[in-house]
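Just so it is clear, the values below take in all heavy atoms, side chains as well, and ignore hydrogens, waters and symmetry mates.
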Amino acid sequence: MDLCLTIKGVSFLLQTGLGILGNTVVLLAYAHIIYTEPKLLPVDMILCHLAFANLMLLLTRCIPQTMTVFGLKDLLNDPGCKVVIYAYRIGRALSVCITCMLSVFQAVTIAPAGPHLSRLKPALPSLVLPTFAGLWLLNMAVCIAAPFFSMAPRNGTVPAFTLNLGFCHVDFRDSLSYVINGVAVSGRDFAFVALMVGSSGYILLLLHRHSHQVRGIRRSQGGAETRAAKTVVTLVVLYVVFFGIDNVIWIYMLTVPKVSPVVADMRVFFSSCYASLSPYFIISSNKKVKAKIVCAAEQDQPSVDTQESNDK
């Protein structure tokens, strides 16, 4: 294995391992919060679902990609490729949609009360689950073409207008279906990114105007809501940066009939960076999640101390 391949393999391995660990910790922390608290705030429900979507993305794309980089072949047959690619497309789509949802819900939460928002704000908790269902249905419909074009790698050359993922091929047969699929996916992503950028800009405007306290929120909640707003804005900025890199590569891939595996690997890596890094921003900025992790660590400490005493 040459140096370039080793660096690529180690990079994917670290990204996958850290991402799966971080998102799993977030999900376990929220599972404990759900068990001990009567209900979650809308922002916490969305962050929990975001961690699930990111974990789904990492499991269905980064794990097989990492195994392929290290030389494992024939990982999946045709049905396996169809299931994995479809699940990956849905997980990736949910990641952008739920980040957008998080930004919009937080903007509505901290916005000054008005004639319309005064009725909408109390209804936010009841809108979370229907919004999740709508996003799942939307993305399952948009991504439905992926299974029809997905197949296990064949021996020989890669046909034109085929995305070579290493462990699977996505063969679009002709340029029209190739471009239509790319435009549909990119159009959806750009629409949600534009919405999340707009709502995040509004959040920043409110934070700038009111400094440590946002107008329309009770004094006792101001600090918590401000911290939550800053977390949301940080996640949006993080997503937009990697989304930009991802789509520059994606637009290039749409302009060439045959895509180099190196280019495809670069896109996979940058498109998965958000899923790997976002849980650590959630852990560092969310007091509930951080408290559960610290509590779990402290509960393990006495048993370690007892074992050390027995050894002595």
Side-chain angles (χ1 to χ4, degrees), residues 22-23 26 29-30 33 37 39-51 53-54 94-128 131-132 135 189-246 273-294:
N23 285 293
V26 171
Y30 273 119
I33 292 170
E37 295 185 7
K39 61 180 181 179
L40 289 179
L41 294 173
V43 170
D44 290 321
M45 295 173 67
I46 299 170
L47 288 174
C48 182
H49 206 82
L50 177 62
N54 287 334
L94 286 173
S95 183
V96 59
C97 293
I98 293 173
T99 303
C100 176
M101 176 184 173
L102 177 66
S103 180
V104 171
F105 269 60
Q106 189 62 33
V108 173
T109 300
I110 70 173
H116 300 292
L117 289 180
S118 60
R119 294 193 298 270
L120 179 60
K121 286 186 176 187
L124 280 181
S126 63
L127 293 174
V128 173
T131 304
F132 284 156
L135 292 176
D189 290 352
F190 276 105
F192 279 99
V193 169
L195 185 56
M196 79 168 70
V197 169
S199 56
S200 297
Y202 180 67
I203 292 172
L204 286 175
L205 179 63
L206 289 176
L207 293 178
H208 175 71
R209 284 179 178 177
H210 304 285
S211 184
H212 300 294
Q213 184 177 3
V214 180
R215 185 180 12 166
I217 301 177
R218 294 191 302 270
R219 184 175 299 273
S220 61
Q221 292 180 331
E225 294 294 352
T226 300
R227 286 193 300 272
K230 291 179 178 179
T231 301
V232 170
V233 172
T234 301
L235 287 173
V236 169
V237 170
L238 184 69
Y239 186 89
V240 170
V241 169
F242 290 117
F243 174 82
I245 299 173
D246 176 17
C273 281
Y274 176 74
S276 297
L277 296 178
S278 60
Y280 296 98
F281 282 93
I282 295 173
I283 292 170
S284 63
S285 59
N286 190 294
K287 284 191 170 183
K288 287 183 179 180
V289 174
K290 187 186 294 185
K292 294 299 180 183
I293 295 172
V294 171

Checklist entry - Which value, rounded to the nearest 0.5 Å, describes the distance between Phe243 atom CZ and Asp189 atom CG? => result 5.0 Å
Checklist entry - Side chains of Ile33 and Asp44: closer than 4.5 Å at any heavy-atom pair? => result no
Next on the checklist: Could you measure the distance from the OG atom of Ser278 to the CD1 atom of Ile283? Nearest 0.5 Å is fine.
Outcome noted: 9.5 Å
Next on the checklist: Apply side-chain contact (heavy atoms from CB on, under 4.5 Å) to residues Val26 and Leu47 and explain how you reach the verdict.
Outcome noted: CA-CA 9 Å; Val26 171; Leu47 288 174; 5.8 Å; no
Item to check | Nearest-0.5 Å distance that lies between atom CG in Leu40 and atom NZ in Lys288 | outcome: 6.0 Å
Item to check | Residues Leu235, Leu102; criterion side-chain contact (heavy atoms from CB on, under 4.5 Å); working and verdict | outcome: CA-CA 9 Å; Leu235 287 173; Leu102 177 66; 3.8 Å; yes
Checklist outcome for this item: Closest non-hydrogen contact found for Ala53 with Ser95 is CB-N, 4.2 Å
Next on the checklist: Could you go through Phe105 and Leu127, starting from their C-alpha distance and side-chain angles, then the distance that decides it, and tell me whether this counts as side-chain contact (heavy atoms from CB on, under 4.5 Å)?
Outcome noted: CA-CA 10 Å; Phe105 269 60; Leu127 293 174; 4.3 Å; yes
Checklist entry - Okay, side chain of Ser199, backbone of Met196: is any donor-acceptor separation there less than 3.5 Å? => result yes
Next on the checklist: So, applying side chain to side chain contact (heavy atoms under 4.5 Å, CB included) with Gln106, which one of Ile46, Val233, Val43, Val236 is it?
Outcome noted: Val43
Checklist entry - Would you say Asn23's side chain and Ala275's backbone share a donor-acceptor pair under 3.5 angstrom? => result yes
Checklist outcome for this item: From the list Tyr280, Tyr239, Phe242, Phe281, ring-ring contact (aromatic ring centres under 6.0 Å, His included) with Tyr274 holds only for Tyr239
Item to check | Steps toward side-chain contact (heavy atoms from CB on, under 4.5 Å) verdict (Ile293, Val289) | outcome: CA-CA 6 Å; Ile293 295 172; Val289 174; 3.9 Å; yes
Checklist entry - Between atom OG1 of Thr131 and atom CE of Met101, what is the distance when rounded to the nearest 0.5 Å? => result 4.5 Å
Next on the checklist: Quick check for you: to the nearest 0.5 Å, what is the distance between Ile110 atom CD1 and Ile203 atom CD1?
Outcome noted: 5.0 Å
Checklist entry - Just how far is it from atom OG1 of Thr99 to atom CG of Asn54, taken to the nearest 0.5 Å? => result 7.0 Å
Next on the checklist: In terms of relative ring orientation, are Phe132 and His49 parallel, tilted or perpendicular, with 30° and 60° separating the classes?
Outcome noted: parallel
